[in-house]
Amino acid sequence: MKPTKFDIKFASVRKAVIEQVFSRMNDRQREAVFQTEGPLLVLAGAGSGKTTVLIHRIINILRFGHGYDSPYATPGATMEDLAFLADYTADPKPENQARAMELCAVSPAKPWEVVAITFTNKAARELQDRLTRAVGEADASAIWAYTFHTCCLRILRRDIERLGYNRTFTIYDEDDKKRVITDLIRRLKLDEKIFDARKVMGEISRAKDNLITPRTFALEQRSEFYMGRIADLYTLYEKEMRENNALDFDDIIMKTVQLLQDNPDILEHYQRKFRYVLVDEYQDTNHAQYVLTSLLAGGYQNICVVGDDDQSIYKFRGATITNILEFEKQFKNARTIRLEQNYRSTNTILDAANGLIRNNVNRKGKELWTKQEGGSKIKLHRSDTQESEAQYIAARILEGVAKGCKWSDFAILYRNNVLSNAVESAFRRNSIPYRIYKGRDFFSRAEIRDMFAYLWVIENPSDTLRLKRIINVPARKIGARSVEIAEELAAQHNTMLYDIVSHADAYSELGRGAAAMKRFGDMMQELRDMQQTASLSELYDAMLDLSGYQEALENKNDMESRSRLENIMELKSNIVEYENKAEDPSLAGFLEEMALYTDADQDEEEDDTVLMMTMHSAKGLEFPTVFLCGMEDGLFPSFRADESDEDLEEERRLCYVAITRAKQQLYLTCAERRLMYGQTRYARPSRFLQEIPAELLDSNLTERARQAEAEQAQKKAYRPRSTVNQSYRSASALQSSMTTSSVPTFACGDRVMHKAFGEGMITSVKPMGGDQLLEIAFTAKGTKRLMAKSASQFMHKI
DNA sequence: AATCCGGTTCTTTTT
DNA sequence: GAACCGGATT
């Protein structure tokens with residue numbers, strides 16, 4: 001049907017109203033918001049407002065549906081309505097807003113028809129929060145704004161029985177997985193040197209990422225010895241996992257894909273449900289995730305993926321940059337929109353990032369720009385040692401704080417975790433408060449893993465791995481041999497270990513171990529029964545009590561045990577928090593949430609500290625001032641990336657990610673020599689530094705080169721046989737003369753003025769390795785412990 | 001069962 | 001240089 005004159009007029013007014021709603025976005029962003037139908041690739045450069053685009057795109061879909069594009073009048077609308085809308089464009093009175101919005105809606109989507117998939121909990125939470133603010137709690141909670149894994153778990157919880165799993169399945173993390181694999185390698189009596197558990201895990205992981213089942217894997221790989229054995233291991237691993245009723249992280253995706261592929265009715269259910277599919281960080285998806293999203297979007301074909309090929313840094317985890325590079329081939333009629341305007345960094349920083357990433361060949365091509373002209377130059381500083389590099393960083397931070405910056409304005413990023421050590425000790429020497437941003441610290445503690453093992457077994461008694469972990473923790477006289485016998489019995493009777501344990505008295509083979517085992521079995525049964533009546537936190541308390549775990553720790557009463565007790569109580573507060581927050585709290589729900597949770601998910605801690613983290617974990621974050629340390633060839637780019645251009649390009653992307661974290665000021669630091677793996681290594685500055693246009697840099701490199709040359713010349717004249725070593729010694733002598741010569745000695749009672757901490761009084765002085773450890777009570781900032789040598793740069797007696 | 005020793009290994013790691 | 005693991009030792 002051809003649009004009538006009325007249709008045309010109405011559609012154009014409606015378009016104007018809708019555009020007005022999104023008037024705060026730039027043209028490209030708005031294009032992405034309005035392109036609701038069909039496959040869409042949004043290439044979103046760093047800091048280009050991609051989350052904003054995702055949110056507003058969803059808002060547009062929910063509020064206006066096809067309103068922007070439809071050539072027809074809104075169904076049921078009258079001439080009066082048109083007049084009303086036209087008035088509203090001219091003078092948008094707030095009281096008319098509701099009706100105006102309604103008149104612009106042409107088959108808007110229901111919230112449950114939208115799925116937005118992210119990689120991290122943090123990103124998912126941000127989406128949920130912002131959607132809640134925009135469309136209200138009720139609608140927002142119906143939208144599936146989840147991580148890949150949460151999304152898949154929801155699908156699996158409903159239908160996993162079709163795959164022969166039980167609904168109470170357990171989730172294994174990387175450590176659990178490693179345990180299983182190591183046991184299998186031993187069971188097959190394979191050489192643990194050749195079949196390194198981590199390598200095997202990697203192979204199996206890659207297979208799952210690519211949706212290769214054990215059977216296919218075995219067919220493809222049987223000809224070769226090594227891969228043939230990997231195939232055996234994969235097959236056994238799968239069997240073991242099934243017996244334990246357990247899934248690993250890769251399974252969560254792969255099994256979901258299998259479920260959808262093998263069950264047309266389930267697939268159809270989701271394809272009908274999800275009119276709109278959105279995927280964030282698309283450059284980090286693996287093959288399985290690509291298949292999953294295209295299955296989900298297979299009904300309406302409304303798939304919008306957002307990502308940045310230049311920020312793909314997880315190839316080693318199975319991500320294939322191909323997904324984003326070939327999106328247009330994989331989805332017919334796909335549109336691509338580039339977001340290149342950056343709202344985060346200064347022009348200087350963006351020019352550096354652009355200059356660097358231009359050296360990559362395998363990319364779509366983008367150029368970041370900003371209206372924010374200028375910005376101060378990037379500081380490039382080469383030190384002689386890692387210690388002076390760290391001290392340089394500490395000094396810049398203290399200067400900054402003295403000028404009024406907060407500690408949390410600064411972040412230190414490094415390629416490799418070991419680099420944090422030197423910086424940490426410099427921070428400690430200078431009393432700089434810092435926090436290391438790390439994955440699952442809390443959850444990797446033994447006592448916490450024990451607690452979760454108990455809970456998992458209560459939920460899923462097939463979980464033999466966890467059962468074996470706790471059966472004799474705390475010690476209850478169940479030795480390794482007894483467990484072994486029980487396992488053999490389980491195999492003979494074709495049942496699970498838990499059943500043997502709970503009927504241990506019935507097996508004479510168990511001998512003296514039987515009684516203890518039975519007692520443990522009864523205890524676990526009691527806890528399992530409690531689930532019917534008790535709340536989660538009550539169950540947890542009972543578990544601490546009945547298992548004797550708490551008592552065992554209390555009896556020990558040393559530092560270690562006390563901290564373990566504290567951690568166990570900390571977990572209790574997690575449980576209470578979950579109970580208060582969850583709609584329908586359950587053990588399974590809690591365990592699932594915790595399995596997918598990392599320490600880094602904690603709400604951005606309000607405390608004002610410097611943050612330190614790897615460049616990888618910095619993705620998605622931003623800071624006013626960023627230090628990239630260890631910018632040395634061999635370290636960054638890593639010597640491992642020397643082999644292939646592909647790897648080098650990934651390193652360069654990582655550098656690009658790191659640079660674009662900075663909003664105002666970027667520091668690049670490196671050291672001439674560095675103690676690593678027990679020996680001193682000498683390194684050239686990173687080749688990436690040369691890829692940054694020189695005019696953007698304020699560098700001490702040339703100065704140092706001149707200095708070194710002069711020294712060299714001098715030595716040639718006076719000591720012709722000088723060695724490299726000597727030249728280093730003189731360089732460091734020079735350095736230390738700057739810092740040590742002017743060090744005043746401090747005494748108790750001295751009053752001092754510190755650049756960052758203000759006025760204070762020295763309350764204690766301890767000599768320490770040719771230096772002094774000072775304790776200073778600052779009037780405003782409390783008591784700090786500082787090393788005299790480094791502190792004297794920022795402090796004088798008054 | 002706990003503790004010591006010695007050998008080995010050492011990117012990055014959203015879930 | 002440090003951390004982690006496995007085997008041997010008490």
Taking [X] first and then [Y], would you say they form a salt bridge - that is, a charged N and a carboxylate O separated by under 4.0 Å?
X: A:D308; Y: A:K50; answer: no
X: A:R363; Y: A:D310; answer: yes
X: A:K122; Y: A:E126; answer: no

Shortest side-chain distance from [X], nucleotide among [options]:
X: A:R186; options: B:dT15, C:dG6, B:dT13; result: C:dG6
X: A:D284; options: B:dT14, B:dT13, B:dT15; result: B:dT14
X: A:T614; options: B:dT9, B:dT12, B:dT15; result: B:dT12
X: A:R415; options: B:dT14, B:dT12, B:dT9; result: B:dT12

Strictly below 4.0 Å: does [X] bring a side-chain N or O up to OP1 or OP2 of [N]?
X: A:R125; N: B:dT14; answer: no
X: A:T150; N: B:dT15; answer: no
X: A:N417; N: B:dT13; answer: yes
X: A:N421; N: C:dA2; answer: no

Q.
By nearest heavy atom, map A:F249 and A:V418 onto DNA chain B; which one lands nearer the 5' end?
A. A:V418
Q.
If you assign each of A:N472 and A:S638 to its closest nucleotide in DNA chain B, which residue comes earlier from the 5' end?
A. A:N472
Find the distance [X]:[atom1] to [N]:[atom2] and express it as a whole number of Å.
X: A:I253; N: B:dT15; atom1: CD1; atom2: P; answer: 12 Å
X: A:L413; N: B:dT12; atom1: CG; atom2: C1'; answer: 13 Å
X: A:D196; N: B:dC10; atom1: CG; atom2: P; answer: 8 Å
X: A:F443; N: B:dT15; atom1: CZ; atom2: C1'; answer: 13 Å
X: A:R198; N: B:dT9; atom1: CZ; atom2: C1'; answer: 9 Å
X: A:L654; N: B:dT12; atom1: CG; atom2: P; answer: 11 Å
X: A:D209; N: B:dT15; atom1: CG; atom2: P; answer: 16 Å
X: A:M612; N: B:dT12; atom1: CE; atom2: C1'; answer: 16 Å

Just checking [X]: base, sugar-phosphate only, or nothing, at a heavy-atom cut-off of under 4.0 Å?
X: A:L675; value: sugar-phosphate
X: A:S617; value: sugar-phosphate
X: A:E192; value: nothing
X: A:D250; value: nothing

Q. Any side-chain donor paired with an acceptor under 3.5 Å for A:K177 and A:S205?
A. yes
Q | Polar contact flag, side-chain donor to acceptor under 3.5 angstrom, A:E593-A:Y578 | A | no
Q. For atom C1', what is the distance between C:dA3 and B:dT14, given to the nearest Å?
A. 25 Å
Q) Taking atom C1' in both C:dC5 and B:dT12, what distance in whole Å separates the two? A) 23 Å
Q: Look at the rings of A:F249 and A:H149 and say which category their plane angle falls in: under 30° parallel, 30 to 60° tilted, over 60° perpendicular.
A: perpendicular
Q.
I'd like to check, for A:Y314, whether its ring lies over the base of B:dT12 with centroids under 5.5 Å apart and a plane angle smaller than 30°.
A. no
